[in-house]
There are 2 protein chains.
Amino acid sequence: MAAVTIRDVARQAGVGIATVSRVLNDSPLVSEDTRQRVQTAIAALDYSPSSVARRLSGGRSMAIAVIAPFFTRRSYVERLQGIEHVLSAGGYDLILYNVETVARRDECLRALPRGERLDGLLILSLGPDDAEVERLQQIGVPTVLIDTYHDTLPTVTVDDEAGARAAVEHLIALGHRRIAYVGEQLDDNPFHFRPIDDRYRGYRAALAAADLPFVPEYHRQGKYGWREARRMAHDLLALAAPPTAVFAYSDTMAFGALEAAQQCHITVPDQLSVIGFDDVEIAQHFRLTTIRQPLYETGARGAELLLELLDSDVSRPAPHIVLPTELVARHTTAPPAANP
Amino acid sequence: MAAVTIRDVARQAGVGIATVSRVLNDSPLVSEDTRQRVQTAIAALDYSPSSVARRLSGGRSMAIAVIAPFFTRRSYVERLQGIEHVLSAGGYDLILYNVETVARRDECLRALPRGERLDGLLILSLGPDDAEVERLQQIGVPTVLIDTYHDTLPTVTVDDEAGARAAVEHLIALGHRRIAYVGEQLDDNPFHFRPIDDRYRGYRAALAAADLPFVPEYHRQGKYGWREARRMAHDLLALAAPPTAVFAYSDTMAFGALEAAQQCHITVPDQLSVIGFDDVEIAQHFRLTTIRQPLYETGARGAELLLELLDSDVSRPAPHIVLPTELVARHTTAPPAANP
DNA sequence: CTGTTAGCGCGTTCAC
DNA sequence: GTGAACGCGCTAACAG
């Protein structure tokens, strides 16, 4: 019953199979008369073309694949939401590939664009290397990168370095001198997440610009998550000369720092300032001062860009959209205690 | 380079095309010798089979659609993760449809199974009515319902009523008598979310079983979200005889209650006990006592069930899996203050 | 064990 | 304008 094909429609309408195809693809070379007949037949048979067959034969599949690492993390969910909105508005299906291991990452990047015939590809955060990019272009899958960068591919990113700098500058302007950074591991970055490097650089840059020394002790690295961040913050707080402020790689990590402070009976922001990055939804709940990055918009813009590329296959140079970050001052930052 | 097909591999290995196919599908009817040759050729050519072609000839699209309302909410994300894991392990694509309005809900339920060729359908939380269920069955799309129930369709749910009852019983066992319920609106439930009714019933049932009167004043309803919950909790706390404990519909709403208490300088759990529902990830962070429901497992089981149904198209009666909930006692509940 | 052949459902030249 | 025939890459019968 679900097996009504284009042939059935053709027979029903008393036309050839190609004519049905033309009608389906809005070809102008069909007389209004037969177009009507075909459409009636389609409706009568409740026919819908097989996207699989369509893909195989080279037509549009109306499907976009989204490759996302750790899509459960709040920041990805928000970007995904942006993507979903514009894709569904454009009538495209969103095929989600979650990536949690390097193996799966390679598998997706390699086998997927070749094996699946999709209209486009959206890659979140995963930094593809040159070889992979070249493969994508050879295969001819329109691709847009979100939250990661490559010269030859269209990208939508945020200026992480500037954002991080703004965060630290905010702390410095408040009067802080001993500023710690709780970040993700720089050396162990299998997915090539750019923000890991960029935010660290921003931290260093702000310090340098203010002639503040970089204290290696104040730079902590660990895995993602508030538990790890809490541990690192505990270490920081136990230092002989503890920092008066901490800049966290992400809001999630900032929450960990907040909790560590609470456990040590250190009040925020009086005795310790904490600033995060992302401005995920619950950040307001914690009244967290943070660097807001437009997560939803990043996803939406990326998807829009891809859809534009699909229509105008003019291969102009790859656009690189950079969205601004913004300091959102709430209640976890303040001038340092009088005499530390 | 970009177009290496099974034929290229066959030529390279000096074998027939079918043999390559056999090797790809782990058929035992290939000599170890040729198998080796083929695999060498595959590696040499960096070949990967086109899943699209495979689908077309196999008659299956290897795609499962997931219809989820508000997939950005934590509880849905966790269920989605479970679904994603088993689907990708089974080689299926996950096509995601986000539903935020009733209109889109109807659109998905109607147009989707018709338009796309999917092997199966997973519906989260959205309670389809009889007519919709009938359509699905007519079209012949294997469907599994998660977090919602229908007689004739396979379902994976949690006993929300029992969970809610356990929450309130926990409070009662602690000595509480004035127990409030902060829930979602009972009368305005366009998506037909079952837990909204069930948890309320559990609350009432626990009260009744302990011969505690139901105090309408203690029953608050509002929209989803911690802001709304915070507002409701504020109202509750301003009562002449405020409750000594509140059971929240979800962890998210519990967080709102927690914040309201904090704003009123009411300490938790000494002056007020708060219990939630779900046990989402951050609940631990808040040290929230809550009713844990196996979100990930619910999604995973639903997906597994669907995959099983796909293989064995024996139309046995629809199975109804009910997963247990569990009280997770942390630090937001305690006996009520001595003399309220 | 292995090679050949016929579809899977649709898009796309081509002749008519 | 329209229809028949071929091909997309692969799997599943068949033969050998």
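Order of the sequence lines sets the chain letters (A, B, ...), proteins ahead of strands, with each chain counted from 1.
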Where the side chain of [X] is concerned, which of [options] is the nearest nucleotide?
| X | options | answer |
| --- | --- | --- |
| B:Ser21 | C:dG11, D:dA12, D:dT11 | D:dT11 |
| A:Val30 | D:dT2, C:dG11, D:dA13 | D:dT2 |
| A:Ser31 | C:dT12, D:dG1, C:dC8 | D:dG1 |
| A:Leu56 | D:dC8, D:dC10, C:dG3 | D:dC8 |
| B:Leu29 | C:dT2, C:dC10, D:dT11 | C:dT2 |
| A:Ile17 | C:dG9, D:dA4, C:dT2 | D:dA4 |

Are OP1 or OP2 of [N] and a side-chain N or O of [X] less than 4.0 angstrom apart?
| X | N | value |
| --- | --- | --- |
| B:Thr34 | C:dT2 | yes |
| B:Thr19 | C:dG3 | yes |
| A:Ser50 | C:dC10 | no |
| A:Arg7 | C:dC10 | no |

How close or far is atom [atom2] of [N] from atom [atom1] of [X], stated in whole angstroms?
| X | N | atom1 | atom2 | value |
| --- | --- | --- | --- | --- |
| B:Gln36 | C:dC1 | CD | P | 15 Å |
| B:Leu45 | D:dG9 | CG | C1' | 15 Å |
| A:Ile6 | C:dT12 | CD1 | C1' | 11 Å |
| A:Met62 | C:dC10 | CE | P | 16 Å |
| A:Arg35 | D:dT2 | CZ | P | 9 Å |
| A:Arg11 | D:dA4 | CZ | P | 12 Å |
| B:Arg22 | D:dG9 | CZ | P | 21 Å |
| A:Ile139 | D:dC8 | CD1 | C1' | 16 Å |

On DNA chain D, check which nucleotide each of B:Tyr47 and A:Gly14 is closest to and give me the residue with the more 5' one.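 In this pair, the answer is A:Gly14.
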Any chance you could lay out the side-chain contact (heavy atoms from CB on, under 4.5 Å) test for B:Ile83 and B:Leu122, step after step, and finish with the verdict? CA-CA 9 Å; B:Ile83 293 173; B:Leu122 241 24; 3.7 Å; yes
Salt-bridged, A:Glu132 to A:Arg105, with N to O below 4.0 Å?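 Answer for the salt bridge query: yes.
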Under 4.0 Å between a side-chain nitrogen and a carboxylate oxygen: does that hold for A:Arg74 and B:Glu281? no
Parallel, tilted or perpendicular: ring planes of B:Phe70 versus B:Phe193, cut at 30 and 60 degrees: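 Correct class here is perpendicular.
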For DNA chain C, whose closest nucleotide is more 5', that of A:Gly58 or that of B:Asp33? B:Asp33
Return whichever of B:Ser57 or B:Arg37 has its heavy-atom-nearest nucleotide of DNA chain C closer to the 5' end. B:Arg37
Say you draw a straight line from CG of A:Leu121 to CD1 of A:Ile64; how long is it, rounded to the nearest 0.5 Å? 8.5 Å
Centre of A:Tyr224's six-membered ring, under 6.0 Å away, within 45 degrees of the axis: is that where NZ or CZ of A:Arg73 sits?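 The answer is yes, since A:Arg73 meets both limits relative to A:Tyr224.
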What nucleic acid atoms does B:Val52 come within less than 4.0 Å of, heavy atoms only: base, sugar-phosphate, or nothing? nothing
